[in-house]
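Below is one structure, written out as structure tokens; comments come after it.
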Amino acid sequence: MSDKNKSRGIGGWLFLGLVVISYALVGLVVPEATSRAWMFFLNVMRQVLPVLGLVFILLFIANLFLDPKWIKHYLGTGAGLKGWIASVLAGILSVGPIYVWYAVLGELQAKGMRTALIATFLYSRAVKLPLLPLMIHYFGVVYTLVLCFYLVLFAGFNGIMVEKLIVQKR
Amino acid sequence: MMKRFSTEQLSKSFSKTTFNFIKILPIIIGMLLATSLLITLFPEQISAGLFGNGETLDALLGAAIGSVAVGHPLASYLLGGELLRGGVGLIAVTALLVSWVTVGIVQLPAESLMLGGRFAITRNLVCFVTAVIIAFVTVFTTRLIGMF
């Protein structure tokens, strides 16, 4: 495990620890509020737990099927419309922390990848396929589908805007 | 044709998924606990105090919170869902959800280093604006669909 991954893993537990300490401190001042918050948490957790199981399965499938080399290949220069479609798809399908993708995109940028495609890729990451069940659970099917549609639509628009603004600044 | 996977590949993917899942679990639980506490302690303030200043200002506030927030996107769904239940408008919540995953103030130095400062700043600014636009069009479209 790299130091970066290790610290990120520890960061989550540290965050949980801080929240637990906050509960303890609030519990000393307003015990009934902490008790209500705990009951509220248990209730929400009961609803979320089955969805988390589904999230795990989808993450497993993504890990199994997606090859970073495939994504990199289709984001190359001179891909035209295919490049746009590939950027959107690769962004949606990309998993893991964004820092990893900055490095990959930086490498592609140095080799001549379009700025618009980089921005499109990064924007498309907003569509999180494995997390869709949880989003549907909270916000409903129609809302989730509409939001995903606009995110994909705006990914291309965002890419063009970023490229145009950067060119203008130059 | 269906791709066949070896036991080793399946086991490797399973381990990787389990490892990543364990990494996000304390964040999810922590976020749920924190949200539960905040909503219990400040139900009125969250819905009426911080938000509740008109759809445009609420959307800007939601986008601003999402922009500076750090954490797994799952946490934004949990927070957004609970805020919604606490009475915050869907437009503000949508702006928060979108900016959470598209704008990264905390990641800005890393993005600048790897993709260039001009690119990083421009992209984040454009993403902030589009988060607000998407919030409005998403909610209006959802309402429109709900009418039929």
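Lettering of chains follows the sequences in order, A, B, ..., and the numbering in each one begins at 1. Please read all numbers here as calculations on a predicted model, not as lab measurements.
- In this structure, the portion of A:V30 lying under 4.5 Å from any heavy atom of chain B is its side chain and not its backbone.
- The candidate with the highest count of non-hydrogen atom pairs below 4.5 Å against chain A, out of B:G104, B:A135, B:G80, B:S13, is B:S13.
- Ranked by heavy-atom pairs under 4.5 Å with chain A, the list B:L78, B:L113, B:I22 is led by B:L78.
- Once rounded to the nearest 0.5 Å, the distance linking CG of A:L132 with CE of A:M135 reads 7.5 Å.
- With a 4.5 angstrom heavy-atom cutoff, A:F15 touches chain B only via side-chain atoms.
- Of all heavy-atom pairs spanning A:F139 and B:G81, the tightest one is CZ-N, 3.6 Å.
- The main-chain N or O of A:M39 is never found under 3.5 Å from a side-chain atom of A:N43 such that the two would form a donor-acceptor pair.
- Only the side chain of B:I133 comes within contact range of chain A, judged by heavy atoms closer than 4.5 Å.
- The heavy-atom pair separating A:F40 from B:S36 by the smallest distance is CD2-OG, 3.4 Å.
- Remark: side-chain polar atoms of B:D58 are paired, donor with acceptor, to backbone N or O of B:G52 under 3.5 angstrom.
- Checked against salt bridge (Lys or Arg N to Asp or Glu O under 4.0 Å), B:E82 has no partners two or more places apart in sequence or in another chain.
- A:S35 places no side-chain N or O within 3.5 Å of a backbone atom of A:P31 that could act as its donor or acceptor partner.
- For the salt bridge (Lys or Arg N to Asp or Glu O under 4.0 Å) condition, the pairs that include at least one residue of residues 123-134 of chain B, sequence neighbours left out, are B:E111-B:R123.
- Partners of A:L49 under the side-chain contact (heavy atoms from CB on, under 4.5 Å) rule, at least two apart in sequence or in another chain, are A:M45, A:L52.
- Comparing A:L131, A:V20, A:V26, A:V19 by heavy-atom pairs within less than 4.5 Å of chain B, the highest count is held by A:L131.
- Scanning both residues, A:S124 and A:S87, for their nearest heavy atoms gives OG-O, 4.1 Å.
- Near-neighbour residues of residues 144-151 of chain A relative to chain B, defined by a heavy atom under 4.5 Å from a heavy atom of that chain, comprise A:V146, A:L147, A:Y150, A:L151.
- Contact count versus chain A (heavy atoms, under 4.5 Å) is highest, among B:T18, B:V103, B:V129, B:V93, for B:T18.
- In terms of non-hydrogen atom pairs under 4.5 Å with chain A, the most contact-rich of B:V101, B:T102, B:L33 is B:L33.
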